[in-house]
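To keep things clear, I will list the structure first and then write my remarks on it.
Along the sequence shown, residues carry numbers from 1.
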Amino acid sequence: MEEDKHPYDLNKPSHMSRIETRIAGFIGGGVAGVAIGVVSLIIATNFGFVPLSLGFYGFVGCVVLFTIIGAIWPKWFAWIIDLLSFW
């Protein structure tokens with residue numbers, strides 16, 4: 001019986017699977033960045049830590065940061081695409 005592997009495995013022989021994994025990590029990182037950015041934007045503006053105009057820049061920075069991290073280390077965020085694809 002074959003050993004079950006993680007669906008996003010960078011050690012597969014196919015180049016397309018590596019590309020798919022990077023894209024899934026990129027998109028998954030963006031989704032995680034949006035979720036974390038929205039929560040932190042709501043908390044930061046409701047408690048008066050930053051004005052809304054500066055909070056928007058923090059939100060955009062959070063999305064960009066998590067998207068880059070998801071593209072560099074796709075296994076961290078590629079599972080989000082699996083989770084969203086079931087719905």
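Under a hydrophobic clustering in which Ile, Leu, Val, Met, Phe, Trp and Tyr are joined whenever their side-chain heavy atoms come within less than 4.5 Å, directly or via other members, I42 and F56 fall into the same cluster. Under a hydrophobic-cluster definition in which Ile, Leu, Val, Met, Phe, Trp and Tyr are linked whenever side-chain heavy atoms come within less than 4.5 Å, directly or via other members, V31 and V39 are assigned to different clusters.
Rounding to the nearest 0.5 Å places CD1 of I80 at 11.0 Å from CD1 of I27. A distance of 11.0 Å separates CZ in F77 from CD1 in I72, rounded to the nearest 0.5 Å. Interatomic distance, L54 CG to F59 CZ, rounded to the nearest 0.5 Å: 15.5 Å. From L52, atom CG reaches atom CG of N46 across 10.0 Å, with rounding to the nearest 0.5 Å.
The aromatic rings of W73 and W76 lie parallel to each other, their planes meeting at an angle below 30°, with 60° marking the opposite boundary.
Around the CZ atom of F26, the shell of radius 6.0 Å holds no more than 12 heavy atoms that belong to other residues, nucleotides or ligands.
Side chain of R22 to backbone of P74: no donor-acceptor contact under 3.5 angstrom is found.
Closest non-hydrogen pair, C62 versus I36, comes out as SG-CG2, 4.0 Å. For F49 against I43, the heavy-atom pair with the smallest separation is CD1-O, 4.2 Å.
When the options V38, V34, I68 are evaluated for a side chain to side chain contact (heavy atoms under 4.5 Å, CB included) with V63, the one that passes is V34.
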